[in-house]
Peer 1: 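Pasting in a structure now, in structure tokens, and then I'll have a few things to ask.
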Amino acid sequence: MRFLRLFTKGFFLIINLAVVILFLAACLAPYISPAWFWPISFLTLAFPFLLGMLVIFLVGWLFFNYKYTLLSLIAILLGWKSISAFIAFHLPSGNKPLSGPQSLTVMSYNVAQFGLYREKDSKYNRQAMFALIKKQEPDIACFQDFYTSEKKNDFNNREDISKEMQLPYRYFSSDFNRNGMQHWGSIIYSKYPIIASDKVKMSVGPLSESLIYADIVKDDDTIRIVNMHLESYRFNAKDYNAIRKIKNQEDTGLVATKSIVQKMREAYIRRSQQADIVGNFIRQSPYPVIVCGDFNDTPSSYTYFTIKGDLQDAFLKKGFGVGRTFNGLAPTLRIDYIFASDDFKINSFRRINSDLSDHYPVIANLSLVGSGVPEVEVNK
């Protein structure tokens, strides 16, 4: 019996130690560019699982041998920076938008081309998305994976959104086009005049997208809005099917796994390079800045920390839980963000549960700091 107890304790101690090592390695990911050492990026996807395992071990050792709780406790303390970027602790009672001259409602949404390839007739998906966006009454709307067309009987979403949402000012990247008639890219809509705008290529190649920005004037203030869609894994239907089979243990999927890992590796490296460009651009802004985007990376990643820098994460300021924004693959993927410089106060943050896209829209209400104009809470 004694041997069995010692063996069991030793077995769980070794597992606990292995989890601690992997967890701390994942916590190093924000400081190590995937362009230099890409394998560490895969640990960021396992971060929630590793954290959960540490908590389980911590609680378990309290009942069996409390001195071993130090293993998990020390790891959690050392990794607190990554943990605090992953989980928000604010209750809904303190999460209300304000209405006033200095407040702004900002929406970020990967619209997945309005369902262009999701179903045979995407008209109804598009109309439902329009209704959802209009209901939120954003002052600024940043959309990624945007599609618009000048073909007859197709959708001119640029014009339609400007009219329907009363957002007359816009800047569109048009990163890809087909015959100069169909366009894909990222777009910024604004209720307020845009006095300057441009795009910055984040990488090279035929499939590279742009960071876009628009300097808007609100009353006497100029604010820079930045929007981007960073490199995705470019999984196709075959890849998703292979992932499903592997998760369900229907197939060892060695060939498929090699292809998937290769795509992920390339995406991690390219995103890290894009993050460096984006981070440097944001730091050079002469104005208060609001950053929106689909980063395709988690809060424990090099991408997230490089772009965020000293900016405020609206979800961490006013959200609660893990804030999932992507409705596929895993229940912990927060990859869509709204950041703001310290010139702003974050009043509220919301995520809208909608399956119209594979991403959930996120909305933040912000106020410029230092305004002497009183603002009031609004119910939405």
Side-chain angles (χ1 to χ4, degrees), residues 15-58 71-88 202-203 228-235 243 257 260-280 282-283 291 293-313 315-316 319 321-326 328-339:
I15 298 298
N16 193 175
L17 187 59
V19 171
V20 165
I21 292 171
L22 290 173
F23 175 78
L24 292 178
C27 292
L28 290 175
Y31 311 100
I32 300 174
S33 171
W36 180 69
F37 185 67
W38 60 266
I40 198 169
S41 299
F42 285 88
L43 288 176
T44 62
L45 293 177
F47 181 85
F49 171 77
L50 295 170
L51 177 59
M53 290 291 290
L54 285 182
V55 173
I56 291 171
F57 274 115
L58 190 151
L71 269 176
S72 295
L73 185 59
I74 292 172
I76 288 171
L77 292 175
L78 290 174
W80 187 252
K81 183 175 181 179
S82 292
I83 295 171
S84 62
F86 177 68
I87 305 174
M202 296 185 293
S203 54
M228 76 207 76
H229 182 206
L230 300 189
E231 182 76 12
S232 71
Y233 295 123
R234 303 193 187 279
F235 289 156
I243 292 171
T257 299
I260 290 167
V261 168
Q262 179 64 23
K263 287 184 177 182
M264 294 177 72
R265 171 186 174 274
E266 292 173 358
Y268 282 129
I269 292 173
R270 183 166 288 203
R271 278 201 298 269
S272 70
Q273 296 165 342
Q274 293 174 338
D276 290 335
I277 293 171
V278 173
N280 290 333
I282 292 169
R283 255 53 99 198
V291 178
D294 170 9
F295 293 3
N296 274 308
D297 233 331
T298 66
S300 53
S301 66
Y302 177 86
T303 298
Y304 172 89
F305 279 93
T306 300
I307 295 176
K308 179 179 177 293
D310 295 327
L311 300 176
Q312 304 176 85
D313 183 331
F315 169 74
L316 296 181
V322 298
R324 176 189 189 187
T325 65
F326 184 70
L329 294 181
T332 56
L333 289 180
R334 180 165 78 97
I335 60 177
D336 302 89
Y337 305 94
I338 298 177
F339 296 160

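These numbers were taken from a predicted model, which means no experiment stands behind them. The first residue in the sequence is number 1, and the count goes up from there.
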Peer 1: Rounded to the nearest 0.5 Å, how far does CZ of R334 lie from CD1 of I87?
Peer 2: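 If I round to the nearest 0.5 Å, the distance is 10.5 Å.
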Peer 1: Which atom pair, heavy atoms only, marks the closest approach of Q274 to S203?
Peer 2: NE2-OG, 3.3 Å
Peer 1: What are the two closest heavy atoms between P30 and A26, and how far apart are they?
Peer 2: CD-O, 3.9 Å
Peer 1: Check T44 against S301 and note the closest heavy-atom contact, atom names and distance.
Peer 2: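 Scanning both residues completely, I find the closest heavy atoms to be CG2-CA, 4.1 Å.
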Peer 1: Test your reading of the model: is there a side-chain donor-acceptor pair from S41 to the backbone of Y268, 3.5 Å cut-off?
Peer 2: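 Side chain of S41 to backbone of Y268, a donor-acceptor pair under 3.5 Å: no, none is there.
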Peer 1: Classify the side-chain pair D276/Y302 by whether it contains a donor and acceptor separated by less than 3.5 Å.
Peer 2: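 Side chains of D276 and Y302: pair found under 3.5 Å.
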Peer 1: Do you know which two heavy atoms are closest between A75 and V20, and how far apart they sit?
Peer 2: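 In this case the closest contact between A75 and V20 is CB-CG1, 3.9 Å.
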Peer 1: Quick check against the 3.5 Å criterion: does R283 have a side-chain atom that pairs as donor or acceptor with the backbone of G279?
Peer 2: yes
Peer 1: Which heavy atom in C27 sits nearest to a heavy atom in Y31, and how many Å separate them?
Peer 2: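 Reported closest heavy-atom pair: O-CE1, 3.5 Å.
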Peer 1: Check each of I83, L24, L73 against L78 using the side chain to side chain contact (heavy atoms under 4.5 Å, CB included) test, and report the only one that passes.
Peer 2: L24
Peer 1: With rounding to the nearest 0.5 angstrom, report the CG to NZ distance, D313 to K308.
Peer 2: 6.5 Å
Peer 1: Do the rings of Y337 and F295 sit parallel, tilted or perpendicular, given the 30° and 60° boundaries?
Peer 2: tilted
Peer 1: For the residue pair P48 and F86, establish whether any side-chain heavy-atom pair is separated by less than 4.5 Å.
Peer 2: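 The answer is yes; the side chains approach within 4.5 Å.
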Peer 1: Looking only at heavy atoms, what is the nearest atom pair of F305 and S82, with distance?
Peer 2: CZ-CA, 4.4 Å
Peer 1: Which distance, rounded to the nearest 0.5 Å, do you find between the CE of M53 and the CG of L22?
Peer 2: 10.0 Å
Peer 1: E266 and side chain to side chain donor-acceptor pair (under 3.5 Å): which single residue from K263, R270, Q262 fits?
Peer 2: Q262
Peer 1: Hey, could you give me the CG/CD1 distance between L311 and I338, rounded to the nearest 0.5 Å?
Peer 2: 13.0 Å
Peer 1: Given 3.5 Å as the limit, does a donor-acceptor pair link the side chain of T325 with the main chain of I335, or not?
Peer 2: yes
Peer 1: Return yes if some donor-acceptor pair links the side-chain N/O of S84 with the main-chain N/O of K81 below 3.5 Å, else return no.
Peer 2: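 Here the side-chain-to-backbone pair exists.
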Peer 1: Is F47 close to T298 at the side-chain level, that is, under 4.5 Å between some pair of heavy atoms?
Peer 2: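 They are not in contact (no side-chain heavy atoms under 4.5 Å apart), so the answer is no.
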Peer 1: Please test V278 against T306 for side-chain contact (heavy atoms from CB on, under 4.5 Å), starting from the C-alpha separation and ending with a verdict.
Peer 2: CA-CA 8 Å; V278 173; T306 300; over 6 Å; no
Peer 1: Could you check whether any side-chain heavy atom of M228 comes within less than 4.5 Å of a side-chain heavy atom of V291, counting everything from C-beta outward?
Peer 2: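 Yes, at least one pair of side-chain atoms sits under 4.5 Å.
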Peer 1: Are the side chain of D297 and the backbone of Y304 linked by a donor-acceptor contact shorter than 3.5 Å?
Peer 2: no
Peer 1: Apply side-chain contact (heavy atoms from CB on, under 4.5 Å) to N16 and L54, showing your working.
Peer 2: CA-CA 7 Å; N16 193 175; L54 285 182; 4.2 Å; yes
Peer 1: As a quick check of understanding, evaluate side-chain contact (heavy atoms from CB on, under 4.5 Å) for I277 and Q273, giving each step before the final call.
Peer 2: CA-CA 7 Å; I277 293 171; Q273 296 165 342; 5.8 Å; no
Peer 1: How long is the gap from CZ on R271 to CH2 on W38, to the nearest 0.5 Å?
Peer 2: 13.5 Å
Peer 1: Pair F49, T332 - check side-chain contact (heavy atoms from CB on, under 4.5 Å), show working.
Peer 2: CA-CA 10 Å; F49 171 77; T332 56; over 6 Å; no
Peer 1: So how far is it from N296 CG to Y233 OH, rounded to the nearest 0.5 Å?
Peer 2: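 Nearest 0.5 Å value for the CG-OH distance: 7.5 Å.
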